[in-house]
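Below you'll find the structure, written out as C-alpha cells, and then a few comments.
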2 protein chains.
Amino acid sequence: MTSPTPFASGATVADVGEFGLVREFSTRFEQGPQVYVGPGDDAAVLRAPKGHVVVSTDLLVEGRHFRREWAEARDIGRRAAAQNLSDINAMGGRATALTVGLALPRDLPAQWVLELADGIAEEAALVGASIVGGDLTAGSEVVIAVTVIGECSVAPVLRSGAQPGDVLAIAGRQGWAAAGLAVLGRGFRSPRKLVEAHQRPEPPYEAGPAAAQAGATAMIDVSDGLVADVGHVAEASGVAIDIDPTAFPLDEPLQAVGAALGVDPMQFVLGGGEDHPLVATFPPDVPLPDGFREIGRVSTLGDAGVPAVTVAGTAYEGVPGHTHF
Amino acid sequence: MTSPTPFASGATVADVGEFGLVREFSTRFEQGPQVYVGPGDDAAVLRAPKGHVVVSTDLLVEGRHFRREWAEARDIGRRAAAQNLSDINAMGGRATALTVGLALPRDLPAQWVLELADGIAEEAALVGASIVGGDLTAGSEVVIAVTVIGECSVAPVLRSGAQPGDVLAIAGRQGWAAAGLAVLGRGFRSPRKLVEAHQRPEPPYEAGPAAAQAGATAMIDVSDGLVADVGHVAEASGVAIDIDPTAFPLDEPLQAVGAALGVDPMQFVLGGGEDHPLVATFPPDVPLPDGFREIGRVSTLGDAGVPAVTVAGTAYEGVPGHTHF
C-alpha cells in the first residue's frame with residue numbers, strides 16, 4: 001500500500017486510462033486471508049463468513065462531502081472508508097471487504113486517485129478489511145461510492161431495542177470534527193487537533209463488537225449529529241432518552257474555538273456528526289464495555305406519547321440534522 | 001414494488017428531500033427471507049450464506065452509460081441491476097441483495113428516481129435478490145452505484161481456468177444490444193426488438209450456477225465485447241481460443257440493421273458488449289448445461305506464446321474494447 005505512484009508526474013486520469021488504473025489497483029492492495037478472489041475477475045469472492053453478513057453503502061460527492069483544497073486525497077479516502085466502516089461497527093459487526101466505485105473527471109491527476117485509494121485501504125486495514133473490487137468511470141465531478149461488507153458473529157444490534165431504564169453510553173470522540181469543520185469554514189487551519197479530527201475521524205472500531213458481545217440493546221453511529229442520532233434510536237425503539245450534558249467535559253480546543261467563533265461549544269457536541277463515535281444503550285445491570293461511558297438514560301414515553309430526546313430534561317433547539325438536498 | 005408514486009406530480013428531488021425519498025425506499029421494496037435487517041438501520045444484515053460471498057460494484061453515469069431521452073427510468077434501473085447481477089452470474093453465484101447509491105440533481109423529478117429504483121428491484125426479483133440499503137445524495141449529474149452481493153454454493157468459476165482442448169460455449173443473446181445502440185445512435189427507434197434488447201438486456205441468470213455445477217473451467221460475462229472478453233479468459237488462463245463465427249446465425253433484425261447502416265452485422269456479434277450473455281469453457285467430455293451452445297475451442301499457445309483470440313483461425317481486427325476515459 002505504500003508503493004510510490006507508478007505514473008508519470010502530472011499524468012491525468014485520461015492519460016493513464018481506465019485499464020492503467022485498474023491494473024494498478026489490482027496489484028496495489030493487500031488481500032487478507034478472508035479473500036478468496038480479489039480484484040480482476042467478474043466479481044470478488046469472500047470465504048464463507050462467521051455468521052450474518054452486514055453491508056452498507058455511502059456516496060461522497062466532491063464539493064458536498066469533501067473539498068480537494070481542504071484535505072489531502074489520502075485523508076479523503078480515510079474518511080470515506082471510516083464512515084462506512086463505522087456503519088458496520090454500529091451493528092456490532094467486523095468489516096471484511098470493501099468495494100470502491102469512482103467517477104472521475106478526465107483531467108484529475110492519476111496520482112490523486114491512487115492516494116485516495118491508498119487512504120481507503122489504510123483505514124480498512126485498521127480492521128483487517130481488504131479492497132476487493134470496484135469500478136472506475138469518467139464523470140464531471142468526483143463521486144466516491146464505497147460499499148463495506150462485514151460479518152456479525154453474534155446477533156446484530158439494531159436501533160430499535162432500547163428499553164426504559166437502559167443506560168445511554170458513548171464510545172469515541174464527539175464534537176471535534178464539527179468544530180474542525182467550523183474552523184475550516186472560516187478559513188482557519190487551527191487548532192490543528194480539531195482540523196485533523198475533521199480530516200481524519202477515528203471511529204472506535206473495537207467498541208461495536210464489544211457492545212454487541214456485552215448485550216447492548218440498541219446502537220447507532222453518530223453521523224447526523226448526537227441529538228439527531230439518539231433521536232433515531234428513540235424513534236425506532238419507542239422510548240424517551242435524556243442526554244446529560246455534564247457527561248461531556250469541554251476539552252480545551254473546543255472551548256477555544258467556541259470563544260473565537262462566538263458560539264457555544266456545546267453545539268459541536270450536541271449537533272456535530274462527523275466523528276463517528278458509537279452511542280449504545282445497555283441494561284442498567286450490565287457493566288459498560290471498555291471505551292464506553294454513560295451519557296444519559298432511557299425512559300418511557302411522556303404523556304404526549306412521542307418518542308423524544310431531551311438534554312438535561314429539556315428539548316434541545318440546536319443545530320438541525322443534516323440533509324443532503 | 002408496483003405501488004404508485006406517493007409524491008405530487010412534478011415534485012422534484014429537492015421538494016421531496018432526502019428523508020422523503022429514504023422513507024419511501026424503506027417501505028417500498030420487498031425483503032426476501034435471506035434478509036435479516038433491511039433498509040433503515042446503520043447497515044443491512046443478510047442471514048449467513050450457503051458458502052462463499054460474491055460481490056460486485058458498477059457505476060453508471062448519465063450521458064455516458066445511459067441517456068434519459070433514450071430510455072425510461074425503469075429500463076435504466078433494470079439495466080443497472082442486470083449488469084451487476086450478471087457479474088455474480090459469471091462467477092456461478094446467485095445474487096441475494098443489492099445496495100443502491102444515487103447522486104441526484106436537485107431538479108430531477110422524484111418520480112423518475114422511484115421508477116429507477118423500481119426497475120432495479122424488478123430485475124433483482126428475477127433472481128430473488130432484494131434491495132437492502134443504499135445512500136442518496138445531491139450531485140450535478142445522475143450517478144447510479146449498484147453493489148450486488150451473492151452466494152456461491154460450489155467453487156466460483158474464475159477467468160483463469162480454461163484448458164487446451166476445452167469447448168468454448170455461450171448462453172444468452174449476443175450482438176442485439178449493440179445493434180440496438182447503433183440504431184438509437186442514428187436517431188431511429190426500430191427494429192424495436194433490437195432497441196429493446198439495448199434498453200433491457202436479458203442475462204441468462206440460470207446459466208451461471210448451472211455452468212459452475214456442470215464443471216465449467218472458466219467463465220466471464222460479455223460486457224466489453226465478445227472478442228475482448230474471450231480475450232480476458234485467454235489471457236488469465238494462458239491459452240489460445242478460436243471463435244467459430246458460423247456458430248452465430250445472423251438473425252433477421254441484425255441483418256436488416258447491417259444493411260440499413262452499411263456495416264457488417266457480424267461486428268455487433270463479435271464486438272458488442274451489452275447483452276450480458278455468459279461465455280464459459282468446459283472440458284470436452286462434459287455435456288453442456290441447458291442454455292449453452294458451442295462457439296469455439298481452446299488450444300495451447302502458438303509459437304509466439306502470446307495468449308490470443310482468433311475468429312475462424314485469423315486475428316480479429318474489429319471494434320476495440322470499450323474504455324471509459
For the candidates [options], which exhibits the highest count of non-hydrogen atom pairs separated by less than 4.5 Å from chain A?
options	answer
B:A44, B:A48, B:P49	B:A44
B:S86, B:G51, B:G133, B:G63	B:G51
B:H232, B:E151, B:E141	B:E141
B:V100, B:L60, B:T147, B:T96	B:T147

*asked:* Heavy-atom cut-off 4.5 Å, strictly under: side chain, backbone, both or neither for B:V16 against chain A?
replied: neither
Exercise: identify the closest heavy-atom pair between [X] and [Y]:
X	Y	answer
A:D42	B:M219	OD2-O, 3.5 Å
B:A138	A:V61	O-CG2, 3.7 Å
A:R47	B:H52	CA-ND1, 3.5 Å

*Just do the side-chain contact (heavy atoms from CB on, under 4.5 Å) check on A:I149 and B:I149 with the steps written out, would you?*
CA-CA 9 Å; A:I149 294 168; B:I149 294 168; 4.0 Å; yes
*asked:* Counting only heavy atoms from other residues, nucleotides and ligands, does the tally under 6.0 Å from CD of B:Q31 exceed 12?
replied: yes
*Find out whether A:V45 and B:V53 are in side-chain contact, i.e. whether some heavy atom of one side chain is under 4.5 Å from a heavy atom of the other.*
no
For chain B, which of [options] has the most heavy-atom pairs under 4.5 Å?
options	answer
A:L158, A:D41, A:T57	A:D41
A:V37, A:D58, A:I88	A:D58
A:G150, A:S140, A:A97, A:A145	A:S140

*side-chain contact (heavy atoms from CB on, under 4.5 Å) between B:L102 and A:L59, intermediate numbers included*: CA-CA 8 Å; B:L102 299 175; A:L59 256 61; 5.5 Å; no
